Protein chains: 2
Amino acid sequence: MNTKLLIIDIATTLFQQKGYLGVGLNEILKACNISKGSLYHHFPKGKEELLIACLQSMNEEVTTDIEEIFKQYQTTQEATQAMIGKLVEDFEREDTIAGYTFSSIVSEMASLSEPVRNACSLLYTKIQGIYSNKLVAEGFSKETANSIALMITASIEGGLMLCLTQKSSNPLKIISHVLPNLFKE
Amino acid sequence: MNTKLLIIDIATTLFQQKGYLGVGLNEILKACNISKGSLYHHFPKGKEELLIACLQSMNEEVTTDIEEIFKQYQTTQEATQAMIGKLVEDFEREDTIAGYTFSSIVSEMASLSEPVRNACSLLYTKIQGIYSNKLVAEGFSKETANSIALMITASIEGGLMLCLTQKSSNPLKIISHVLPNLFKE
DNA sequence: TCCTCCATACCAACCAGTCTGTTTTGTAGT
DNA sequence: ACTACAAAACAGACTGGTTGGTATGGAGGA
């Protein structure tokens, strides 16, 4: 069972960094130091099954990660900014995207594979739910909270894209600064 | 010269829909009804050269497109909403993304090819410039205008991503509705 | 003896890119 | 206006490498 988790762990990172099509099976095998037989033992349906497992794994990790941050701070504003701050740190340290995003996977696979599209959809929904709940707890109407939560998700996702193209964490920083202006009924 | 433009035209659409790695040369050739020799005659350096040509072509098309919309409407708010409205229409009609975005290409290629990353960066910068200029003309300070322009770009980019995963134009609609709340000094 | 787990050899399909040869086209000479 | 010729444009076969996926067999514990 350990091997399976190892595969998921490493493959998740690779998929996030290079996208689904950008990572070959052999690359994954080498990174994990396992053989093809082992991989296909744990994921008989192959690469796509592995991807979905990775997405589910990300789902749990990202969710608990964000939830923890959101428990630590009282207001959504503080929590959001702390969260983006963490993203900025990660980006500046590793110079690549390692969390909270799967745009590459979405844009590659959304039109190709329904199961993958669905897994991504679940992930976004869950994250938005965290934002939304906190906003409702602060007194926002459910509808407004959902709208703002969507804006947070979208702008972070797009912001990461801009950071990638500009090789700079500036876009996320600006977003972190501007976003709170939306937190009004 | 006609063939070259044809190739760029068709390849641009394919790249937008499926990403760089998602489109094979043979697929492009078939879609254009041309031969490999012809393609490599116009793009001696191969696929990546073609991609960059496509990005430049998108640059011009998208830029003039947005500029026209922004001339038609007096306020940035109206213009932005009209622009997003057009995106929504496109998405609902074709059920795929056809303009104003190249996230798939960015996320796939940003870390792999400097020239491509640069072409993408130019594109984003140019689009943001249009937003920013209009905002400055409305009286915003340059810094605020840049921040808001960045937020527009990021949220639209992320919004398209959400539309793709949810197979719905709702995210963009909500963004169009919420975005104007940012238009304050 | 099974069954889980892993390793390896192998496969057809496809990839981007090269090479050679043919057609088309523009141009200069008479 | 007709020919001659070179360059541009195109066609298609071919290559080496890689892709995801399969089939077979072995090691080790229950």
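Fair warning: this is a prediction, and the values are worked out from it, not measured in the lab. So that the names make sense, note that chain A is the first sequence line, chain B the second, and so on, each numbered from 1.
One interatomic measurement links the two molecules: NE2 of B:His41 to P of C:dA16, which rounds to 21 Å at whole-angstrom precision. Rounded to whole angstrom, the span from the CG atom of A:Leu29 across to the P atom of D:dT18 amounts to 14 Å. The distance between atom NZ of B:Lys30 and atom C1' of D:dC10, rounded to the nearest whole Å, is 20 Å. For A:Glu48 and D:dG21, the CD to P distance is 9 Å, given to the nearest whole Å. The OH-C1' distance, from A:Tyr40 to C:dC10, rounds to 14 Å in whole Å. When the C1' atom of D:dT19 is taken as reference, atom CD of A:Glu27 falls 13 Å away, rounded to whole Å. A straight line from NZ of B:Lys47 to P of C:dA16 spans 4 Å, rounded to a whole angstrom. The distance from atom CG of A:Asn33 to atom C1' of C:dC6 is 13 Å, rounded to the nearest whole Å.
Between A:Arg117 and A:Glu114 there is a salt bridge, since a side-chain N of the basic residue sits under 4.0 Å from a carboxylate O of the acidic one. Under a 4.0 Å N-O distance rule, the pair A:Glu67/A:Lys126 does not qualify as a salt bridge. Using a cut-off of 4.0 Å between Lys/Arg side-chain N and Asp/Glu carboxylate O, A:Lys134 and A:Glu78 are scored as not salt-bridged.
With a 4.5 Å cut-off on side-chain heavy atoms, A:Tyr131 and A:Asn146 do not count as touching. The shortest distance between side-chain heavy atoms of B:Ile156 and B:Met83 falls below 4.5 Å.
Between A:Pro44 and B:Ser35, the residue anchored closer to the 5' end of DNA chain D is B:Ser35, taking for each the nucleotide with the nearest heavy atom.
Residue side chain B:Lys36 reaches the base of C:dG17 through a donor-acceptor N/O pair under 3.5 Å, judged by distance alone.
Checking C:dG17, D:dG21, C:dA7 against every side-chain atom of B:Leu25, the shortest atom distance belongs to C:dG17. For B:Asn26, taking side-chain heavy atoms from C-beta onward, the closest of the listed nucleotides C:dA16, C:dC6, C:dC15 is C:dC15.
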Checklist entry - What would the secondary structure line of DNA chain D be in dot-bracket form, counting Watson-Crick and G-U wobble pairs under 3.5 Å, with [ ] for pairs that cross earlier ones and | for pairs with another strand? => result ||||||||||||||||||||||||||||||
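No donor-acceptor contact under 3.5 angstrom links the side chains of A:Thr144 and A:Ser147, judged on distance only.
No cation-pi contact links A:Lys167 to A:Phe91, judged by a cut-off of 6.0 Å to the six-membered ring centre and 45° from its axis.
B:His42 has a side-chain polar atom (N or O) that falls below the 4.0 Å cut-off from OP1 or OP2 of D:dC10. Proximity of B:Thr3 to the phosphate of D:dA9: no side-chain N or O atom is located under 4.0 Å from OP1 or OP2.
When heavy atoms are screened at a 4.0 angstrom cut-off, B:Gly37 is found touching base atoms of the nucleic acid. Contact annotation for B:Leu39: no contact, since no heavy-atom pair falls under 4.0 Å across all strands.
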